[in-house]
Amino acid sequence: MSAAGRRLVAIPMKDPRDAKTRLGLALTPEERGKLALSLFRVTVDRLREAIEGLGPQIDLAVVSASPTIREVAETLGLRVIDDGGAASLSLAVEAAAHWATMHGYDALCVLPGDLADPDPVDLAWLLDHPLEDATAVICPAKDLGTNALMVPLPCPFAFAYGAKSTIRHRRAAEAAGLTPVMMPLGSLRVDIDTVADLHHLPTGHLRHLRQENAQ
């Protein structure tokens with residue numbers, strides 16, 4: 001690993017019953033919940049593959065108040081950070097940053113659990129980036145949302161997720177005296193939010209979920 005210090009990768013997750021509501025035109029509520037959990041498990045698997053060669057300094061956690069997510073996370077061997085039912089993604093990430101700081105981590109990487117097809121090579125490239133020179137790493141989504149954000153702890157600026165949050169995070173990092181590093185990694189650009197995003201899923205992913213649902 002190119003940078004010293006302990007890093008925490010935090011994946012904020014809603015309860016499956018509340019996930020992917022914008023996919024309602026294409027998927028049933030049960031299918032949406034199963035898709036959210038499936039994407040989450042794939043992300044965790046790819047992260048574990050990515051950090052194999054990076055040393056023991058990287059831990060994985062889920063950020064959620066959902067009992068269902070907590071149960072799944074525990075079966076996967078993840079740390080669980082209770083966000084207290086945070087009203088927004090920014091507040092959930094703030095809870096994760098506070099928890100990580102209190103537990104002695106030097107950096108936090110926030111990653112969504114609904115990436116279409118994250119590549120372990122891209123994830124390793126992100127997680128191995130040095131932060132010693134007061135940098136913040138931002139991976140923009142295709143719509144200029146923030147699909148990955150890695151910051152030193154304690155984070156010196158407020159999180160600002162939402163539409164075009166890449167721009168806000170970059171400006172906030174600069175205002176806080178950090179150097180923002182834009183890292184447009186291909187496999188981290190697409191998360192599954194809308195019906196139009198479904199075609200980015202790996203071949204057979206959605207069909208497999210529907211077959212499971214029919215059984």
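Note that the structure is predicted; figures quoted are calculated from it, not measured.
With hydrogens and angles left out, the side-chain atoms of T135 and T179 include no donor and acceptor closer than 3.5 Å.
Of the listed residues (V80, I11, L37), just one forms a side-chain contact (heavy atoms from CB on, under 4.5 Å) with I69, and that residue is L37. Put simply, the residue from D122, D117, D119 that forms a salt bridge (Lys or Arg N to Asp or Glu O under 4.0 Å) with R46 is D117.
Shown here is E71, whose CD atom has no more than 12 heavy atoms of other residues, nucleotides or ligands within 6.0 Å.
Linking ILVMFWY side-chain heavy atoms closer than 4.5 Å, directly or via other members, places Y161 and L108 in a single hydrophobic cluster. Placement of L153 and L149 within a single hydrophobic cluster is found when ILVMFWY residues are connected by side-chain heavy-atom separations under 4.5 Å, directly or transitively. Criterion: ILVMFWY side-chain heavy atoms under 4.5 Å apart, direct or through other members. Under it, L60 and L54 are part of a common hydrophobic cluster. Taking hydrophobic clusters as Ile, Leu, Val, Met, Phe, Trp and Tyr residues chained together by side-chain heavy-atom distances below 4.5 Å, L115 shares a cluster with V137. The hydrophobic cluster containing V110 does not contain L126, counting ILVMFWY residues as joined when their side-chain heavy atoms lie under 4.5 angstrom apart, directly or transitively.
In this structure, the side chains of S90 and V93 stay at 4.5 Å or more apart for every pair of heavy atoms. The closest side-chain heavy-atom distance from R70 to D82 is below 4.5 Å. The side-chain heavy atoms of M182 and T166, taken from C-beta on, include a pair separated by under 4.5 Å. Looking at R17 and T68, their side chains never come closer than 4.5 Å, going by heavy atoms from C-beta outward. For the pair I81/V62, no side-chain contact is recorded, criterion being any heavy-atom separation below 4.5 Å from C-beta on.
Atom NZ in K142 sits 7.5 Å away from atom CG in N147 (nearest 0.5 Å). Rounding to the nearest 0.5 Å places CZ of R79 at 9.0 Å from NE2 of H103. Rounding to the nearest 0.5 Å places CZ of F157 at 10.5 Å from CD of E174. The CZ atom of F159 sits 5.5 Å away from atom CD of E94, with the distance rounded to the nearest 0.5 Å. Atom CG of residue L178 and atom CG of residue L131 lie 9.0 Å apart, to the nearest 0.5 angstrom. Here D114 contributes atom CG and L35 contributes atom CG; the two are 8.5 Å apart, rounded to the nearest 0.5 Å.
Residues A10 and A96 come closest through the heavy atom pair CB-CB, 4.1 Å. The two atoms that bring A65 and G85 nearest to each other are CB-N, 3.4 Å, heavy atoms only. D15 approaches S66 most closely through the heavy-atom pair OD2-OG, 2.6 Å. Of all the heavy atoms in P156 and A176, the pair that sits closest is O-CB, 3.7 Å. Heavy-atom minimum distance, L76 versus R48: O-NH2, 2.6 Å. A160 approaches R168 most closely through the heavy-atom pair O-NH2, 3.0 Å.
Using a 4.0 Å cut-off between charged side-chain N and carboxylate O, D106 and R7 make no salt bridge.
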Apply the test side chain to side chain contact (heavy atoms under 4.5 Å, CB included) to residues L127 and C109: give CA-CA distance (whole Å), side-chain angles for both, the deciding distance (0.1 Å), then the verdict.
CA-CA 8 Å; L127 293 172; C109 179; 3.8 Å; yes

Salt bridge (Lys or Arg N to Asp or Glu O under 4.0 Å) between E30 and K34: does it pass, once the steps are laid out?
CA-CA 6 Å; E30 186 174 2; K34 285 187 174 181; 3.7 Å; yes

Would you please test L47 and V9 for side chain to side chain contact (heavy atoms under 4.5 Å, CB included) and show each step?
CA-CA 9 Å; L47 277 166; V9 181; 4.0 Å; yes

Chi angles and distances behind the side chain to side chain contact (heavy atoms under 4.5 Å, CB included) call for D45, F40
CA-CA 9 Å; D45 287 344; F40 172 56; over 6 Å; no

Check against side chain to side chain contact (heavy atoms under 4.5 Å, CB included), K164 and I167:
CA-CA 6 Å; K164 297 185 179 179; I167 298 171; 4.3 Å; yes

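The distance between the ring centers of W125 and H129 does not fall below 6.0 angstrom.
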